[in-house]
Chemist: 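Right, I'll just put the structure down here and ask away after.
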Amino acid sequence: VRPPTNGGADESGRWNRECIQCHATRGQPGFLPNGQVETRVAEFGIACEACHGPGEEHVDAHRNPGKRLLARLSKDADPSIVNPGRLDHEHASEVCGQCHGVAAYATNGSERDFLVTGFTFKPGDDLDDSRMLLGPDLPDEVRDDLMASNKAMFDGTLYSDGAVRVGGRELNGVTQSPCWTAGTMADGSERPAFSCLSCHRLHQDPRDPRKVEAWTDDLLDEDTRGDRACLDCHPEVREEVAEHTRHEPGTPGSACYDCHMPYTVYGLLKGIRDHRITSPSVANTVETGRPNACNVCHLDRSLGWTADQLTEWTGADRPALTPDQETVPAAALAALTGDAGDRALAAWTLGWSLARPASGHEWLPPVVAPLLEDPYDAVRVIAGRTLATLPGYEDLEYDPVASPEERAAVAAEVLARHQRAATDAPSPLDPARIPELLTQRDDARVQLLE
């Protein structure tokens, strides 16, 4: 998601100064004072040493097969290499967060140092020696300096409350979660602190029956798929899942992460789960624009409906809402009046198959049609994919980078088909209101930094 231009962006040197940070192992950009660039990497891609640290000592220590066997049988940590699974929850997560986080340089000189030699962080180090995660805990003086010098970093990665808006920044969300710190469970026992490795496994367990391709889709440990990771720390919910979730077990919305880790993050032309573990809040949606879990599934429902449900279930204060927020489906409101980031995420949500049972689809075409003409390329791409999921519109050929006239013709055909198929069934949104809502669209320039 970035503002439309008359030509392609200048990508010269982007790999050397940006991509290399995470998509290579021990990348050294090599921007030299004489203007030359001598970029080096230990390995292209994310290799063993990215997570385990320098391996030369480990290789030398285990050339002898007898020593290798003894080390494998030993329960002691191998001092010649870092095993993230043996680190405390903070250092283990920082191994992931060296890439899966959005951060500021720790000192004014760090950026210059990085452009020459790369980051000095190695697995097991303190990440904040080189980088400070953006978010609510960022020191005020650092925030003020960054807002003055690089406000685009905040706008392009975070919601106004510090929650992550774009994919690939999961550590920011994890560290802002209540589960990040240890606590006491209902039975008085100690609840362990949460980390990336609480759910994810970076080497597939030999007992995992899934094919490698399925495992690499989420890198979840087979034992922590579903609700288990949550219920191990919240056993009081285990016997009353339906009462807690207000959804029948096995249905969309019944899993812990459906409500507490919803698809409110944008990345890779789709929605991604938020790793900031929270509960649904209409007040937060109104304040920050971040969707809430209820309206991500119940696409046909308004913020007013969700506010009523949450007030009844939890006693939460009902925020003041505008007439449109009270009555217009929240997903449609984001798609038609939101900024480009909101529209991109809403375009994906409108096509999310798991939301269809709760929301229906007959009313969606007039909402999707304007997105086919959106000024932002990414919004049009996602809207075209969503259009292809709508029954009765699969055969429409749509090219998101075709001429404006061709795109307008497809949008007009969508509206014509919807009108021909119209029934007397009630709709959550009167199509006649859509042109008016479009006049409220937030046309602020948006560039999301994935």
Chemist: Working note: V368 + V414, criterion side-chain contact (heavy atoms from CB on, under 4.5 Å); need CA distance, chi angles, decisive distance, verdict.
Modeler: CA-CA 9 Å; V368 175; V414 170; 5.9 Å; no
Chemist: Could you grab the distance from atom CG of D221 to atom CG of L197, nearest 0.5 Å is fine?
Modeler: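 Result: 10.0 Å between the selected atoms.
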Chemist: So, taking the atom named OG in S302 and the one named CG in D324, what distance separates them when rounded to the nearest 0.5 Å?
Modeler: 10.5 Å
Chemist: What's the separation between atom CG in L415 and atom CD1 in I434, rounded to the nearest 0.5 Å?
Modeler: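 One finds 7.5 Å between CG of L415 and CD1 of I434.
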Chemist: Any side-chain heavy atom of V1 sitting closer than 4.5 Å to one from V379?
Modeler: no
Chemist: Would you check if the side chain of S198 reaches a backbone N or O of F194 as a donor-acceptor pair within less than 3.5 Å?
Modeler: no
Chemist: Are the side chains of T175 and L133 in touch, meaning some heavy atoms are under 4.5 Å apart?
Modeler: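 Yes, their side chains come closer than 4.5 Å.
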Chemist: Going through the distances and angles, do Q325 and T322 end up as a side-chain contact (heavy atoms from CB on, under 4.5 Å)?
Modeler: CA-CA 5 Å; Q325 290 170 337; T322 67; 3.2 Å; yes
Chemist: Is the backbone of V95 close enough, under 3.5 Å, to the side chain of Q98 for a donor and an acceptor to pair up by distance?
Modeler: yes
Chemist: Can you name the closest pair of heavy atoms from C199 and A229 and give their distance?
Modeler: SG-CB, 3.8 Å
Chemist: For R318, I'd like to know if atom CZ has over 12 heavy atoms of other residues, nucleotides or ligands within 6.0 Å.
Modeler: yes
Chemist: Any salt bridge linking R17 with E111? Criterion: basic side-chain nitrogen under 4.0 Å from a carboxylate oxygen.
Modeler: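 Here R17 does not pair with E111 in a salt bridge, since their nearest N and O are not under 4.0 Å apart.
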Chemist: For a quick test of reading the model, state the closest non-hydrogen atom pair linking A378 to L269 and the distance between them.
Modeler: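 So the two residues come closest at CB-CD2, 3.8 Å.
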Chemist: Taking it one step at a time, do L158 and V102 satisfy side-chain contact (heavy atoms from CB on, under 4.5 Å)?
Modeler: CA-CA 9 Å; L158 305 176; V102 57; 4.3 Å; yes
Chemist: So, H244 side chain and V237 main chain: donor-acceptor pair closer than 3.5 Å or not?
Modeler: no
Chemist: Check for a donor-acceptor pair, side chain of R246 on one end and backbone N or O of Q309 on the other, with a separation under 3.5 Å.
Modeler: no
Chemist: I'd like to know whether CD of E248 has more than 12 heavy-atom contacts from other residues, nucleotides or ligands below 6.0 angstrom.
Modeler: no
Chemist: Compute the centroid of each ring, for H89 and then for W180, and state whether the two points are separated by less than 6.0 Å.
Modeler: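 Yes, close enough.
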Chemist: Can you establish whether the number of heavy atoms outside D424 located under 6.0 Å from its atom CG is more than 12?
Modeler: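 Not more than 12 within 6.0 Å, no.
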Chemist: Under 3.5 Å, side chain of Y398 to main-chain N/O of A388, donor-acceptor pair present?
Modeler: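 No, because the side chain of Y398 does not come within donor-acceptor range (under 3.5 Å) of the backbone of A388.
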Chemist: With a 4.0 Å cut-off, would you call D395 and R417 a salt bridge?
Modeler: yes
Chemist: Crowded around R207 CZ? As in, over 12 foreign heavy atoms under 6.0 Å?
Modeler: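 Check fails, neighbour count at 12 or below.
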Chemist: Does N16 offer a backbone N or O that forms a donor-acceptor pair with the side chain of E18 under 3.5 Å?
Modeler: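 Absent.
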Chemist: Has Q419 got more than 12 heavy atoms of other residues, nucleotides or ligands less than 6.0 Å from its CD?
Modeler: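 It does not: Q419 CD has 12 such atoms or fewer within range.
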Chemist: May I ask you to say whether R433 pairs ionically with D430, meaning some side-chain N is under 4.0 Å from a carboxylate O?
Modeler: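 Not counted as a salt bridge, because no side-chain N and carboxylate O are separated by less than 4.0 Å.
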Chemist: Can you name the nearest heavy-atom pair linking L448 to D155, along with the distance?
Modeler: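 Closest heavy-atom pair between L448 and D155: CD2-O, 4.3 Å.
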Chemist: Just checking E239: does its CD atom have more than 12 heavy atoms from other residues, nucleotides or ligands closer to it than 6.0 angstrom?
Modeler: no
Chemist: How about D443: does its CG atom have over 12 heavy atoms from other parts shown lying under 6.0 Å from it?
Modeler: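 Enclosed: over 12 neighbouring heavy atoms sit under 6.0 Å from CG of D443.
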Chemist: Can you find a heavy atom in the side chain of L449 that is under 4.5 Å from one in the side chain of V166?
Modeler: no
Chemist: For the residue pair N292 and T285, confirm or rule out a side-chain donor-acceptor distance under 3.5 Å.
Modeler: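 T285 and N292 do have a side-chain donor-acceptor pair below 3.5 Å.
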Chemist: Roughly how far apart are D144 CG and M147 CE, rounded to 0.5 Å?
Modeler: 8.5 Å
Chemist: Any side-chain heavy atom of L299 within less than 4.5 Å of one from T349?
Modeler: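 Sidechains of T349 and L299: in contact.
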Chemist: Would R210 and D205 pass as an ion pair if we require N to O under 4.0 Å?
Modeler: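 Salt bridge between R210 and D205, a charged N being under 4.0 Å from a carboxylate O: no.
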Chemist: Give me the one residue out of H100, R276, H275 that meets side-chain hydrogen bond (donor to acceptor under 3.5 Å, both in side chains) with E170.
Modeler: H100
Chemist: Should S403 and E406 be marked as a side chain to side chain donor-acceptor pair (under 3.5 Å) after you check the CA-CA gap, both sets of side-chain angles, and the distance that decides it?
Modeler: CA-CA 5 Å; S403 69; E406 292 173 288; 3.0 Å; yes
Chemist: The test is ring-ring contact (aromatic ring centres under 6.0 Å, His included); show your working for W348 and Y263 and say whether it passes.
Modeler: CA-CA 10 Å; W348 177 85; Y263 288 94; 5.3 Å; yes
Chemist: At their closest point, which heavy atom of I20 faces which heavy atom of F114, and how far apart are they?
Modeler: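 Heavy atoms of I20 and F114 come nearest at CG2-CZ, 4.4 Å.
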Chemist: Working to the nearest 0.5 angstrom, can you tell me the gap between D300 CG and W305 CH2?
Modeler: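 Reported to 0.5 Å precision, the distance equals 8.0 Å.
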Chemist: Any cation-pi pair here, R131 with F119, using under 6.0 Å and within 45°?
Modeler: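 Yes, R131 sits over the ring of F119.
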Chemist: With respect to P280, which candidate in T314, L310, T306 satisfies the side-chain contact (heavy atoms from CB on, under 4.5 Å) definition?
Modeler: L310
Chemist: Is it true that E436 and T439 share a donor-acceptor pair across their side chains at a distance under 3.5 Å?
Modeler: no
Chemist: If I compare all heavy atoms of R407 with all of A402, which pair ends up nearest, and what's the gap?
Modeler: NH1-O, 2.6 Å
Chemist: Using side chain to side chain donor-acceptor pair (under 3.5 Å), reason through R301 and S359 one step at a time and then give a plain yes or no.
Modeler: CA-CA 8 Å; R301 299 293 188 169; S359 310; over 6 Å; no
Chemist: Taking NZ, NE, NH1 and NH2 as the nitrogens, is one of them in D339 or R165 under 4.0 Å from a carboxylate oxygen of the other?
Modeler: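 Salt bridge flag = yes for R165 with D339.
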Chemist: Any side-chain heavy atom of D161 sitting closer than 4.5 Å to one from E287?
Modeler: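 No, their side chains stay 4.5 Å or more apart.
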Chemist: Indicate yes or no: at least one non-hydrogen side-chain atom of L336 is less than 4.5 angstrom from one of R441.
Modeler: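 No. Closest side-chain heavy atoms not under 4.5 Å.
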Chemist: Would you find a donor on one side and an acceptor on the other, under 3.5 Å apart, between the side chain of Y159 and the backbone of G289?
Modeler: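 Here the side-chain-to-backbone pair does not exist.
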Chemist: Taking T251 for the side chain and H247 for the main chain, is one N or O donor matched with an acceptor at less than 3.5 Å?
Modeler: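 No; judged by distance alone, with no hydrogens or angles, the pair does not exist.
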Chemist: Between the main-chain N or O of E11 and the side-chain N or O of W15, is there a donor-acceptor pair closer than 3.5 Å?
Modeler: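 No: the side chain of W15 does not pair with the backbone of E11.
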Chemist: Classify the side-chain pair H298/N295 by whether it contains a donor and acceptor separated by less than 3.5 Å.
Modeler: no
Chemist: Does the distance from a Lys or Arg side-chain N to an Asp or Glu carboxylate O, for D232 and R228, drop under 4.0 Å?
Modeler: yes
Chemist: Where the side chain of S177 meets the backbone of C179, is there a donor-acceptor pair that is under 3.5 Å apart?
Modeler: no
Chemist: Are any non-hydrogen side-chain atoms of Q204 and V212 less than 4.5 angstrom apart?
Modeler: yes
Chemist: Please round to the nearest 0.5 Å and tell me the distance separating atom OG1 of T386 and atom NE2 of H361.
Modeler: 14.0 Å
Chemist: Apply the test side-chain contact (heavy atoms from CB on, under 4.5 Å) to residues D126 and H91: give CA-CA distance (whole Å), side-chain angles for both, the deciding distance (0.1 Å), then the verdict.
Modeler: CA-CA 7 Å; D126 292 327; H91 287 95; 2.5 Å; yes
Chemist: Is C99 close to Q21 at the side-chain level, that is, under 4.5 Å between some pair of heavy atoms?
Modeler: no
Chemist: Side chains of D274 and H260: donor-acceptor distance under 3.5 Å anywhere?
Modeler: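 No.
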Chemist: So, R273 and D258, do they make that salt bridge, N to O below 4.0 Å?
Modeler: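 Salt bridge: yes.
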